[in-house]
Each structure stands twice: as structure tokens, then as C-alpha cells.
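In what follows, chains carry the letters A, B, and so on, assigned in the order in which the sequence lines appear, proteins first and then strands, with residues in each chain numbered from 1.
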There are 2 protein chains.
Amino acid sequence: MQIGELARSTATKVETIRFYEKIGLLPAPARTEGNYRDYGHAHLARLSFVRRARDLGFTLDQVRALLALSDERDGSCGAVDAVARMHLAEIDRKIADLRALRRELDDLIGQCSQGSISTCRIIEALGPAEAA
Amino acid sequence: MQIGELARSTATKVETIRFYEKIGLLPAPARTEGNYRDYGHAHLARLSFVRRARDLGFTLDQVRALLALSDERDGSCGAVDAVARMHLAEIDRKIADLRALRRELDDLIGQCSQGSISTCRIIEALGPAEAA
DNA sequence: ATGCACCCTGTAGCAACTCTAGGGTCAAGG
DNA sequence: CCTTGACCCTAGAGTTGCTACAGGGTGCAT
């Protein structure tokens, strides 16, 4: 399988695959006569794993850790669980942050009476805190 | 006021202020004899504006737009409102995305029975979709 | 005069790709 | 036989928003 096909079947850009190879996330595949990368099942499996983990928001470092763990077929699942839980906690933090932000921004927008800039509450709210 | 004081009074790093100047977000201030940057009220006001907008999650490009708008003191507030609403919509999208993700990840974690890697549902779920 | 806190410039690094330039390979069609 | 077009290759720069050096200069107190 050449890189384009692998890219299509994992919804990944060709450049991204080469990038993953360069940073050591994917093993370098064999090459054809014409120096084309030649992928097999194992590569497809590994790249699928990486993409799914990325889609779930894991960082590349976390993906690297998960890959290493998944390679030790008889190690304990606990470490995997820990990585996932850590990530879940992070997501919860981000959601909370965004919600707080959303509320603030919504308040600001609610105050805009569509007048001129000089009386705009949004611009005003962004200005310095009275002191300056 | 020198850069350190400006940094302290806006909770910004010195390097960040210089960076904002370099990308044209802040006007270059006057210099002292010894070539130190010398800031006044206007700079403080502008940097405060930038920091607040950034805290609200606006991108630097959006901040640039808001600054330009706020400089036209008698333009209409409509454009400002539009930028803010656009940003709000984006935040809503992000929150929704994160929530979907959270659910998926939570399901995955729920299936982990703390056994060995070879039977780990998390690792399994990340693998390829049966095909490979 | 010497130490220290502060300032200066310029450059490189972070995540995680994405894109471009400038080429090579391979199969099909005229 | 030769060209066209789709694909592949490498190396390097660009993206966003900073942050962190390295290697120096300034200003004030002791």
C-alpha cells in the first residue's frame, strides 16, 4: 500500500503521515524500487490507533505513551486507565473554562445597544480598569 | 514607565510586550537616553485592552480588528458586536465538541476492568476498525 | 569599582501539523 | 517513443501565541 492509500483509509494527510514517521510515532516502512514508502497491515493498525487517540484529544506525547503501553500485551491496564482519566480531567477543566468565558462574553454582547463606538459597552469593558 | 512596570501592571511577561510590539499590535514607545522603552497611559490602556480580549479568548487577529474598530470612535458598534458574536459561536462549537469527546472518553474508561493490556477495552477501542 | 536588577537585540524553541519548491516514478494514451 | 498526469520524494519554511535563551548594555547603590 502506498502512502496515498494509507492516507485515504485513515483520513490523514500524506504530509502528516510523513511527519509522524519523522518524529518516531510511526515506524519507517520498507521502500519500493522507486523509493516509495510501502505500508502493510501493521502500519494501518498503528496509524488508526494514533488518529483515534488524536481525535479523542490526546496529545502526541500521550499517544506515544499509549502506544508503548499497548505494545506490552501483558502489562496491566491500570496505566492506560490513568492516562485516560488524566485526559478526562483536563477536558473537564477546559469545558469549565470555556463555559465561564462564554458567560462573560455573552454578558458583554447583551450590553451592546448598537450605538456608536464611543458608547460601546464591549469596547468599554475591554478598556483599562479605571486607573489609567 | 519602563517595560517591567508595564508588564507587572498588566500581568504580562516582558517578552510578550516586546512580541506585541514586533507584530504591530502595540505602537513602539519612545526611548530613554539609555535606549529603554518608555511607556505612558495610552500604552497601558492599549495593552490592557489586548490582554482582556485575549483572556476572553479572542485571537490576535480578532484583537487587531477590535483595536482598529475601537479607534474609530464614531463608527458603528455593529462591527464590534459581529466580531464578538462570531467568537461566541466559536466558543459554543468548542464546548459542544469537548462535550462529545468527554462522553466518548468516559464510555471508554467505564469499560476498563483493570485487567491486562491484551483485554483492555481502551486499547482495543483505539485499534483499527476490524478491517485490518 | 563592583554587584545587582533591570533593560536591549536577535534567534530558536514549543505543539501539531500544513504547505511549498523543486524534483523523481509510473502507468496509460496518442 | 514520448508525453501527460497522478502520484511519490526530500528539505525547509510557515502557522499561532508566545517563551526562553545568549550575549550583551544601563543605572543605581554600596
Side-chain angles (χ1 to χ4, degrees), chain A residues 1-26 28-40 43 46-47 49-67 83 86-87 90-91 94 97-98 101, chain B residues 1-26 28-40 43 46-67 83 86-87 90-91 94 97 101:
Chain A
M1 178 172 24
Q2 54 186 44
I3 200 169
E5 196 186 334
L6 181 62
R8 274 188 300 280
S9 53
T10 54
T12 307
K13 301 219 162 151
V14 165
E15 291 91 341
T16 305
I17 297 177
R18 287 197 282 245
F19 166 72
Y20 285 164
E21 181 183 325
K22 192 158 61 184
I23 63 169
L25 209 58
L26 293 181
R31 296 291 181 120
T32 65
E33 288 279 288
N35 199 31
Y36 284 15
R37 285 174 181 81
D38 189 18
Y39 296 99
H43 291 100
R46 203 165 181 90
L47 180 54
F49 185 103
V50 171
R51 293 310 296 186
R52 297 229 195 155
R54 290 288 302 129
D55 283 351
L56 285 170
F58 287 96
T59 66
L60 287 183
D61 265 1
Q62 287 174 320
V63 175
R64 228 186 285 271
L66 288 173
L67 277 171
V83 172
M86 201 99 92
H87 184 42
E90 180 115 339
I91 290 173
K94 277 187 192 160
D97 283 357
L98 279 178
L101 209 114
Chain B
M1 180 173 21
Q2 56 186 44
I3 200 168
E5 196 186 334
L6 181 62
R8 274 187 300 279
S9 52
T10 54
T12 307
K13 301 218 164 154
V14 164
E15 291 93 339
T16 304
I17 297 177
R18 286 197 283 246
F19 167 72
Y20 285 163
E21 180 183 324
K22 191 159 60 186
I23 64 171
L25 209 60
L26 293 182
R31 297 291 181 119
T32 65
E33 288 279 288
N35 199 31
Y36 284 15
R37 285 174 181 81
D38 188 18
Y39 297 97
H43 291 99
R46 203 165 181 93
L47 180 53
S48 302
F49 185 103
V50 171
R51 295 308 296 185
R52 296 229 195 154
R54 291 287 303 131
D55 283 350
L56 285 169
F58 287 97
T59 66
L60 286 183
D61 265 1
Q62 288 173 320
V63 174
R64 226 186 286 272
L66 288 173
L67 277 171
V83 172
M86 201 100 92
H87 183 42
E90 179 115 339
I91 290 173
K94 278 187 191 158
D97 283 358
L101 210 116

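Comparing A:T32 and A:F19 against DNA chain C, the residue whose closest nucleotide sits nearer the 5' end is A:F19.
Spacing between atom CG of A:L25 and atom P of C:dC17 amounts to 9 Å, rounded to whole angstrom units. In this structure, OH of B:Y36 is placed 9 Å from P of D:dC28, rounded to the nearest angstrom. Going from atom CG of A:D61 over to atom C1' of C:dA16 covers 11 Å, rounded to whole Å. To the nearest angstrom, C1' of C:dA21 lies 13 Å from CD of A:E15. For the pair B:Y39 OH and C:dC7 C1', the computed distance is 11 Å after rounding to whole Å. Here the P atom of nucleotide C:dA27 and the CD atom of A:E33 are 12 Å apart, to the nearest Å. Rounded to an integer number of Å, the gap from A:M1 CE to D:dC7 C1' is 16 Å. The distance from atom CZ of A:R54 to atom P of C:dA15 is 11 Å, rounded to the nearest whole Å.
With respect to B:R64 and B:D61, a salt bridge is recorded, a charged nitrogen being found less than 4.0 Å from a carboxylate O.
For the OP1/OP2 pair of D:dA11 and a distance below 4.0 Å, the side-chain nitrogens and oxygens of A:K22 include no atom meeting the criterion. Checking the phosphate oxygens (OP1, OP2) of C:dT18, a side-chain nitrogen or oxygen of A:T16 falls inside 4.0 Å. Residue A:T59 places none of its side-chain N or O atoms closer than 4.0 Å to OP1 or OP2 of C:dA15. Within the 4.0 Å cut-off from OP1 or OP2 of D:dG17, not a single side-chain nitrogen or oxygen of B:R18 is found. Put simply, B:R31 has a side-chain N or O that comes within less than 4.0 Å of OP1 or OP2 on C:dT9. The side chain of B:Y20 places an N or O atom within less than 4.0 Å of a non-bridging phosphate oxygen (OP1 or OP2) of D:dC18. Under 4.0 angstrom from either OP1 or OP2 of D:dC9 there lies at least one side-chain N or O belonging to A:R37.
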Next on the checklist: Show, in sequence, the C-alpha distance, side-chain angles and deciding distance for A:Y39 and A:L26, and conclude whether the side-chain contact (heavy atoms from CB on, under 4.5 Å) test is met.
Outcome noted: CA-CA 11 Å; A:Y39 296 99; A:L26 293 181; 5.6 Å; no
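Proximity note for A:Q2 (side chain, C-beta onward) versus C:dA16, D:dC8, D:dG17: the nearest is D:dC8. Checking C:dC7, D:dC18, C:dC8 against the side-chain heavy atoms of B:N35 singles out C:dC8 as nearest. Taking the side chain of A:R51 as heavy atoms from C-beta on, and the options C:dC17, C:dC7, D:dT19, the nearest nucleotide is C:dC17.
A:I23 comes within 4.0 angstrom of no nucleic acid atom, judged by non-hydrogen atoms across all strands.
Checked by atom type, the side-chain pair B:Y20/B:R51 shows a donor-acceptor distance below 3.5 Å.
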